[in-house]
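Here's the structure we're looking at; comments come further down.
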Amino acid sequence: MILYWTIFLIPAVLALAGVRLDKASWFIVGLLYSIIIGFRYSVGGDFWSYWRRVPEYGEKPFWSVATGGDPGYGVLNWIAYALDTNVGFVNLICAIIFMSGLIRFVRSTPDPMLAFVASIPYLVIIVSMGYTRQAAAIGVLLWGMAGLEKKGPFTFFFYILFASLFHKTAVLFAGFTLL
């Protein structure tokens with residue numbers, strides 16, 4: 001429990017103090033949070049079912065995994081099996097995808113540290129630690145949303161398609177782009 005309070009309170013105090021992080025500092029924050037999210041053990045409702053997926057996907061032919069449901073997540077599991085690792089590898093890669101998108105998005109807001117603090121209780125602790133595939137998809141979508149204003153909706157559709165490789169429900173965001 002102390003870890004969860006720590007990953008919330010340190011950024012909260014920095015936000016209240018008006019601290020603005022540079023690019024290198026955000027990289028370190030992303031790396032630390034990715035490690036915490038990625039190497040959690042027995043956290044999240046799907047943890048043990050995901051634990052069994054690494055050998056499940058690994059024993060299938062690559063092409064069947066790459067063309068199945070949620071192929072991005074399946075391929076990560078297939079690679080984890082090939083590297084003789086476990087779900088920790090998959091969770092870490094998904095956490096890196098999530099955190100890179102989150103940090104890119106919060107850095108595009110007027111007060112990045114405050115936006116980051118606001119995301120911690122639900123998006124970081126509940127979603128990224130409880131729903132690995134959804135967190136990776138959300139990270140990709142946040143990456144796309146950060147550049148939506150500059151790059152336009154057609155580029156965002158690419159991010160939606162990429163996010164849907166981790167969780168097919170990401171395609172629902174195509175409707176938001178039209179708005």
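Note that the coordinates shown come from a computational prediction; the quantities given were computed from them, not determined experimentally. Position 1 is the first residue of the sequence; numbering continues from there. Just so you know, these numbers use all the heavy atoms, side chains as well, and skip hydrogens, waters and symmetry mates.
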Kindly write out the residues that satisfy ring-ring contact (aromatic ring centres under 6.0 Å, His included) with [X], not counting sequence neighbours, or none if the list is empty.
X	result
Trp51	Phe47, Trp48
Phe89	none
Phe27	none
Tyr122	none

- Message: I need the full list of salt bridge (Lys or Arg N to Asp or Glu O under 4.0 Å) pairs touching residues 1-13, with sequence neighbours left out, sorted by first then second residue.
- Response: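 Listed by first then second residue: nothing to list.
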- Output every pair passing salt bridge (Lys or Arg N to Asp or Glu O under 4.0 Å) with a member in residues 127-144, not counting sequence neighbours, ordered by first then second residue. Asp70-Arg133
Sub-4.5 Å side-chain heavy-atom contact between [X] and [Y]:
X	Y	result
Ile37	Val124	yes
Ile160	Leu172	no
Ile120	Tyr33	yes
Phe173	Tyr159	no
Phe116	Thr109	no
Tyr4	Met129	yes
Phe156	Leu141	yes
Val90	Tyr73	yes

Just to verify, what does [X] make a side-chain hydrogen bond (donor to acceptor under 3.5 Å, both in side chains) with, not counting sequence neighbours?
X	answer
Thr169	His167
Ser108	none
Asn77	none

Flag yes if [X] and [Y] sit in one hydrophobic cluster, no otherwise; membership is Ile, Leu, Val, Met, Phe, Trp, Tyr, and two members link when side-chain heavy atoms are under 4.5 Å apart.
X	Y	value
Val43	Ile126	yes
Tyr41	Met1	yes
Phe8	Leu32	no

- With no hydrogens and no angle check, is any side-chain donor or acceptor of Trp78 less than 3.5 Å from a backbone partner on Lys60? yes
- Looking only at atom types and distance, does a side-chain atom of Thr85 sit under 3.5 Å from a main-chain N or O of Ala80, one as donor and one as acceptor?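 Such a contact is found between Thr85 side chain and Ala80 backbone.
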In Å, rounded to the nearest 0.5 Å, how long is the span from [atom1] of [X] to [atom2] of [Y]?
X	Y	atom1	atom2	answer
Asp22	Ile28	CG	CD1	8.0 Å
Met145	Ile138	CE	CD1	10.5 Å
Trp5	Ile125	CH2	CD1	9.0 Å
Tyr57	Phe62	OH	CZ	13.0 Å
Thr155	Lys150	OG1	NZ	13.0 Å

- Query: Using the ring of each side chain (for Trp, its six-membered ring), is Phe157 parallel, tilted or perpendicular to Phe154, with breaks at 30° and 60°?
  - Reply: tilted
- Message: My understanding is that only residues two or more places apart in sequence, or in another chain, count here; which of them pass side-chain contact (heavy atoms from CB on, under 4.5 Å) with Val19?
- Response: Leu14, Ala17, Leu21
- List for me each residue that meets salt bridge (charged side-chain N to carboxylate O under 4.0 Å, His left out) alongside Lys151, sequence neighbours excluded, and say none if there are none.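 Checked Lys151 against salt bridge (charged side-chain N to carboxylate O under 4.0 Å, His left out); zero matches.
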Under 3.5 Å donor-acceptor pairs involving side-chain atoms of residues 92-107, not counting sequence neighbours:
residue	atom	partner	partner atom	Å
Ser100	OG	Ile96	O	3.1
Ser100	OG	Ile97	O	3.0
Arg104	NH1	Trp143	O	2.7

- Task: For side-chain hydrogen bond (donor to acceptor under 3.5 Å, both in side chains), just list the numbers for Arg40 and Thr132, CA-CA rounded to whole Å, side-chain angles, deciding distance to a tenth of an Å, and then say yes or no.
- Result: CA-CA 11 Å; Arg40 69 193 185 280; Thr132 308; 2.9 Å; yes
- Message: Taking CG in Asp84 as the centre, count heavy atoms belonging to other residues, nucleotides or ligands within less than 6.0 Å. Is the count above 12?
- Response: no
- Which atom pair, heavy atoms only, marks the closest approach of Ser128 to Ala135?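 Nearest pair, atom of Ser128 first, then Ala135: CA-CB, 3.5 Å.
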